[in-house]
Amino acid sequence: MTNPEIKKGKGLMLFCVFMLANTLLLSAQTVTKQYVDTIVHRLSDQLEAHYPFPEISARYKQKLLARLQEGAYHNLLEEQLAKQLTTDLNAVHKDRHLNIIRDSLAYRAAITPASASPDKQPTEEPAYEGNYGFDKVEIDHFLSTAYISVPGPWHAVPEAFAAATAAMNLATGSKHIIIDIRRNGGGSGAMGRYLASYFYATGNEQYYLYGFHKDKSQDEQEWTLPFVPGKTAPDAKLYILTGRNTGSAAEGFAFAMQRLKRGVVIGDTTAGAGIAGSYVPLQCNLMLFLPVKMIVAPHTTKGWEGDGVIPDTATGKQDAWLRTRKIIIQDLLKNEKDEQRKEMLTWRLEDFLIGDTKPIDWARYNRLPFQYSEKISIRKKDGLLWYGIAEKNKTTNYYQMQEIKPDVLVIKDLLPEWGANAARLYINRDTRGNIVGITRKTYLRQEDNKIVTGSSLSRSAKQP
């Protein structure tokens with residue numbers, strides 16, 4: 001048997017060891033007063049020396065030193081100190097870029113001197129699972145539309161530019177190009193300029209953005225490139241999808257192309273992070289992201305900092321990608337002369353109405369339920385309309401119908417192999433408005449991209 005006193009003693013000993021370990025851990029992470037003074041003064045000096053707006057950096061410094069004197073930063077863990085400093089800075093002026101974080105690995109890397117050995121090569125940026133920010137490219141040949149999903153982040157490394165080149169070389173054969181940066185938090189502004197260059201002819205560089213520093217000798221003019229690999233798309237219509245999570249360099253791309261009147265921005269207002277910068281080590285594993293360059297439109301002092309990029313077409317809760325496709329189809333319909341293409345474009349445009357479920361107008365469709373042939377019937381059940389097809393084993397499969405527009409109903413999930421909502425029912429009426437028959441049509445979008453009209457069935461046949 002186990003002696004209960006010994007068992008109790010062991011439990012007490014383990015508890016004491018656990019408490020001692022936690023005490024040592026907390027002590028190791030608590031920032032001493034000496035280091036707090038160093039961190040606050042170094043942070044204040046960095047802001048005063050490099051933050052692009054002197055009047056704001058002066059207010060930042062005043063706030064930090066006042067809070068230091070109050071003792072607000074003493075007896076805090078490293079993580080707590082980082083958060084408190086960021087909170088106090090945001091109370092003075094909310095800059096979405098300016099923040100302090102605790103990152104021991106990044107801190108050690110930042111303070112470790114580079115090797116002087118000639119055969120020592122710099123560590124390459126790791127291969128990113130997200131294909132360097134480029135997610136997918138989808139081509140719709142019928143609409144001549146390319147959709148490029150770029151959730152980011154953007155990197156200025158050869159592999160990233162190769163991914164961008166591959167995406168653009170697939171897209172530049174289309175008349176409409178959609179670049180989706182709704183989830184792109186930013187990264188390197190060089191990638192935005194690289195993508196923008198594909199929308200101008202070779203040699204036709206554009207003054208893209210302007211970046212100014214506190215030290216005006218470091219100011220930069222940012223231009224698109226005179227040459228990019230592959231085919232360019234100077235005549236393609238560009239649509240840029242934005243959202244609340246679009247930030248920094250991704251915002252810069254939307255902002256610049258909008259100001260150049262080269263792209264239409266669709267979606268939601270962006271984050272409003274318009275000051276570029278880099279990480280600076282402080283002390284005790286704390287890293288400062290220091291904004292140093294305010295980015296604005298050429299020949300102006302106007303950027304997107306604080307305000308974000310305001311879309312040309314705000315979609316609210318509506319999906320910006322679907323809204324853009326709708327705009328493209330409407331644009332194509334305006335000038336289309338071919339009747340078959342008109343019918344297909346109209347069909348696709350009407351697809352956007354399918355999600356708007358509304359009660360069935362029984363005054364209009366009360367006489368639609370009927371046995372139209374041995375195999376085809378329409379019935380009313382639970383306040384809905386159902387399209388029935390009798391099988392050889394004498395069972396009948398029913399598919400729900402929904403009105404798209406008067407006398408045109410979608411037969412949901414009837415032919416999924418041809419695509420979603422590929423089958424529709426058109427109601428035929430006489431001059432007095434009576435239902436005299438039905439016609440089913442199928443859109444073979446996935447194969448021949450054409451609409452096939454099935455046989456029409458008369459309602460005048462004798463009802464069983």
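Hydrogens, waters and symmetry mates play no part in the numbers below; they use all other heavy atoms, side chains included.
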Do [X] and [Y] sit within salt-bridge range, that is, some charged N less than 4.0 Å from a carboxylate O?
X: K33; Y: D37; answer: yes
X: K326; Y: D351; answer: no
X: D312; Y: K261; answer: no
X: R348; Y: D140; answer: yes
X: K302; Y: D307; answer: yes
X: D235; Y: K175; answer: no
X: E48; Y: K61; answer: yes

Testing the basics here: between [X] and [Y], what is the closest heavy-atom pair and its distance to 0.1 Å?
X: A49; Y: K214; result: O-CD, 3.7 Å
X: R424; Y: W347; result: NH2-O, 2.9 Å
X: L353; Y: I404; result: CD1-O, 3.6 Å
X: E78; Y: N285; result: OE1-ND2, 3.1 Å
X: W304; Y: A273; result: NE1-O, 3.0 Å
X: A163; Y: F134; result: CB-CD1, 4.1 Å

Quick one: do L47 and L98 satisfy side-chain contact (heavy atoms from CB on, under 4.5 Å)? Show the steps, please.
CA-CA 10 Å; L47 290 168; L98 178 60; 3.9 Å; yes
Decide if atom CD of E220 counts as having more than 12 heavy atoms of other residues, nucleotides or ligands within a radius under 6.0 Å.
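For E220, atom CD is crowded (more than 12 foreign heavy atoms under 6.0 Å).
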Please check if the number of heavy atoms outside D45 that lie under 6.0 Å from its CG is greater than 12.
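Enclosed: over 12 neighbouring heavy atoms sit under 6.0 Å from CG of D45.
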Are the side chains of [X] and [Y] in touch, meaning some heavy atoms are under 4.5 Å apart?
X: I179; Y: F253; value: yes
X: H97; Y: S248; value: yes
X: I100; Y: L282; value: yes
X: F53; Y: I275; value: yes
X: T165; Y: V228; value: no
X: V150; Y: D180; value: no
X: K136; Y: S149; value: yes
X: N184; Y: W154; value: yes

Would [X] and [Y] count as a cation-pi pair here, with the cationic atom under 6.0 angstrom from the ring centre and within 45° of the axis?
X: R341; Y: F142; answer: yes
X: K450; Y: Y443; answer: no
X: R325; Y: W321; answer: yes

For the CD atom of E138 and the CD1 atom of I178, what is their distance to the nearest 0.5 Å?
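Rounded to the nearest 0.5 Å, the CD-CD1 separation comes out at 9.5 Å.
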Distance check, rounded to the nearest 0.5 Å: R42 atom CZ versus Q46 atom CD?
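Rounded to the nearest 0.5 Å, the CZ-CD separation comes to 8.0 Å.
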Name the residue from D331, I328, I327, I177 that meets the side chain to side chain contact (heavy atoms under 4.5 Å, CB included) definition with K237.
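Looking at D331, I328, I327, I177, the match for K237 under the side chain to side chain contact (heavy atoms under 4.5 Å, CB included) is D331.
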Candidate list V264, I240, T224, V309, test side chain to side chain contact (heavy atoms under 4.5 Å, CB included), partner M257, passing option
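So, applying the side chain to side chain contact (heavy atoms under 4.5 Å, CB included) to M257 and each of V264, I240, T224, V309, only I240 qualifies.
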Kindly say whether the aromatic ring centers of [X] and [Y] come within a distance under 6.0 Å.
X: Y399; Y: Y387; answer: no
X: Y51; Y: Y60; answer: yes
X: H299; Y: Y207; answer: yes

Test side-chain contact (heavy atoms from CB on, under 4.5 Å) on M344 and R445 and set out the steps.
CA-CA 9 Å; M344 287 184 282; R445 188 179 311 190; over 6 Å; no
Which residues satisfy the salt bridge (charged side-chain N to carboxylate O under 4.0 Å, His left out) test with K231, sequence neighbours excluded?
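Expected list: none.
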With sequence neighbours left out, write down each residue that passes salt bridge (charged side-chain N to carboxylate O under 4.0 Å, His left out) with D88, or none if nothing qualifies.
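If we apply the salt bridge (charged side-chain N to carboxylate O under 4.0 Å, His left out) test to D88, skipping adjacent residues, the hits are R67.
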No-hydrogen, no-angle side-chain donor-acceptor test under 3.5 Å, E251 and T270
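Result is yes, a qualifying pair exists.
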So, the side chain of T232 versus the backbone of P234: is there a donor-acceptor pair under 3.5 Å, distance only?
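No; judged by distance alone, with no hydrogens or angles, the pair does not exist.
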